Protein chains: 2
Amino acid sequence: MARAAQAPRAQYDVQRLLAVAVTVFIERGYDGTSMEDLARAAGITKSSIYHHVESKEQLLRLAVDRALEALFAVTEEEGVSQGRAIVRLGYVLGRVVEVLCAELPYVTLLLRVRGNTETERWALERRREFDRFVRGIVVEAAADGDLRADLSPALVERLALGMINSITEWYHPGRVDIGELKATVVTIVGAGLRGAE
Amino acid sequence: MARAAQAPRAQYDVQRLLAVAVTVFIERGYDGTSMEDLARAAGITKSSIYHHVESKEQLLRLAVDRALEALFAVTEEEGVSQGRAIVRLGYVLGRVVEVLCAELPYVTLLLRVRGNTETERWALERRREFDRFVRGIVVEAAADGDLRADLSPALVERLALGMINSITEWYHPGRVDIGELKATVVTIVGAGLRGAE
DNA sequence: GTCTATATTACGATAGAC
DNA sequence: GTCTATCGTAATATAGAC
């Protein structure tokens, strides 16, 4: 539970510093993290941090930008434009699980952003844009008759993405198999949407 | 988007002050909220707030305690001890949706707590306790053969509660019917767990 | 129950030496 | 690239009048 001193081996560049910062941001919250906290975790002084970045907010911006890039990359993949909507939906949701696990700390931070600063408001808007992309596919699936008639597409999108996003609350690499995780999510959502009874 | 001045009609007691504080905590985050922010939102001064509570942290404690009380009350209800586990699971999940909507701001705050202070660590531990309660029912349902064999009970519990908890991210009273919301959640999860294909 | 005024500390960020 | 020292501000909380 105690945060031990970090190995001060190599010197820092922005990416290494960012990795440390994101870890601390997740542990203590962005607002709850002081530059002094970051300095301690990185094993350097506050001043040294300012050699690499202009501000604390820039660290946040770099982090959420990385997460957003990874998510929007999915919207350009072949799997999102091939085949029936219900199949494409399964593809996208599975890929989001994978991106979330691959870029865990960055996506985790993105999902915790609330909108206090300009950076946070921009991140929230881009997140909503991604959500709308997914919702579009759910709407298509509904039009295809592949969604139970008693389910609202908008609600389904929110609950499905909410389930997936909640993975950041507990996932640790290695403790759960990503394949199983992805399969479980797609099974629950997939069966739930078409579901028999 | 701008936070207008609050109606300063009545004088404050702890509960009224708490309601205002929780709203601001959700909007700006607990750490991101200053006592000055609270004072402005409440239409009184910082000093006046300290007449009602000992500290900012006490406001957080009162809030998360209210949420936890509401959640744990569900574990004492008849519906959690009657009938097949899979039925009891549906009951509990549905009730959590209802509690979440009924106590929205308090539960929202509870779910955002990260563990910086003693209060937050205590809240996290009680949350985990509730999660274990739900997991126990999922395990029973699996033993009854009412859960697809390829699904891990622990994973199912996390994803199901994660889906439900994510409702706090977007729910606003009146904008969505609670009955529909509850039905959609129980349908998706229920069909997903037993699911045919 | 609310106010003005203030003590005290912590914070983000900068200056300038090495 | 990192350091020590420090500036200016904003934070939590208290004292004491009304």
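Nothing here was measured: the structure is a model prediction, and the numbers come from that model. What's counted below: heavy atoms across the whole structure, side chains too, no hydrogens, waters or symmetry copies. We name chains A, B, ... by the order of the sequence lines, and we start the count at 1 in each one.
Put simply, the side chain of Ser47(A) and the base of dA15(C) share a donor and an acceptor less than 3.5 Å apart.
For Asp144(B) (side chain) and Ala141(B) (main-chain N/O), no donor-acceptor pair under 3.5 Å exists by modelled atom type.
Between Thr45(B) and dC3(C), a side-chain N or O to OP1/OP2 separation shorter than 4.0 Å is present.
A donor-acceptor pair shorter than 3.5 Å can be found between the side chains of Thr45(A) and Ser48(A).
Of the candidates dT4(D), dG12(C), dG1(D), dG12(C) carries the atom nearest the Met35(A) side chain, counting heavy atoms from C-beta on. Ranking dT2(C), dA5(D), dA5(C) by closeness to the His52(B) side chain, first place goes to dT2(C). Checking dA15(C), dT2(C), dA15(D) against the side-chain heavy atoms of His51(B) singles out dT2(C) as nearest.
The neighbour count for Glu54(A) CD, taken as heavy atoms of other residues, nucleotides or ligands under 6.0 Å away, does not exceed 12.
Here dT4(D) presents its P atom at 17 Å from OH of Tyr50(A), a figure rounded to the nearest Å. Straight-line distance from the CG atom of Leu59(B) to the P atom of dA13(D): 10 Å, rounded to whole Å. Lys56(A) places its NZ atom 4 Å from the P atom of dG12(C), with the value rounded to the nearest Å. In this entry the distance linking CD of Glu54(B) with C1' of dT12(D) reads 14 Å, nearest Å. One interatomic measurement links the two molecules: CD of Gln58(A) to C1' of dA13(C), which rounds to 13 Å at whole-angstrom precision. dC11(C) atom C1' lies 13 Å from atom CZ of Arg40(A), rounded to whole Å. Between the NZ atom of Lys46(B) and the P atom of dT6(C) there is a distance of 13 Å, rounded to whole Å. Leu60(A) has its CG atom 13 Å from the P atom of dG12(C), to the nearest Å.
The pair Arg128(B)-Glu125(B) counts as a salt bridge, with a side-chain nitrogen and a carboxylate oxygen less than 4.0 angstrom apart.
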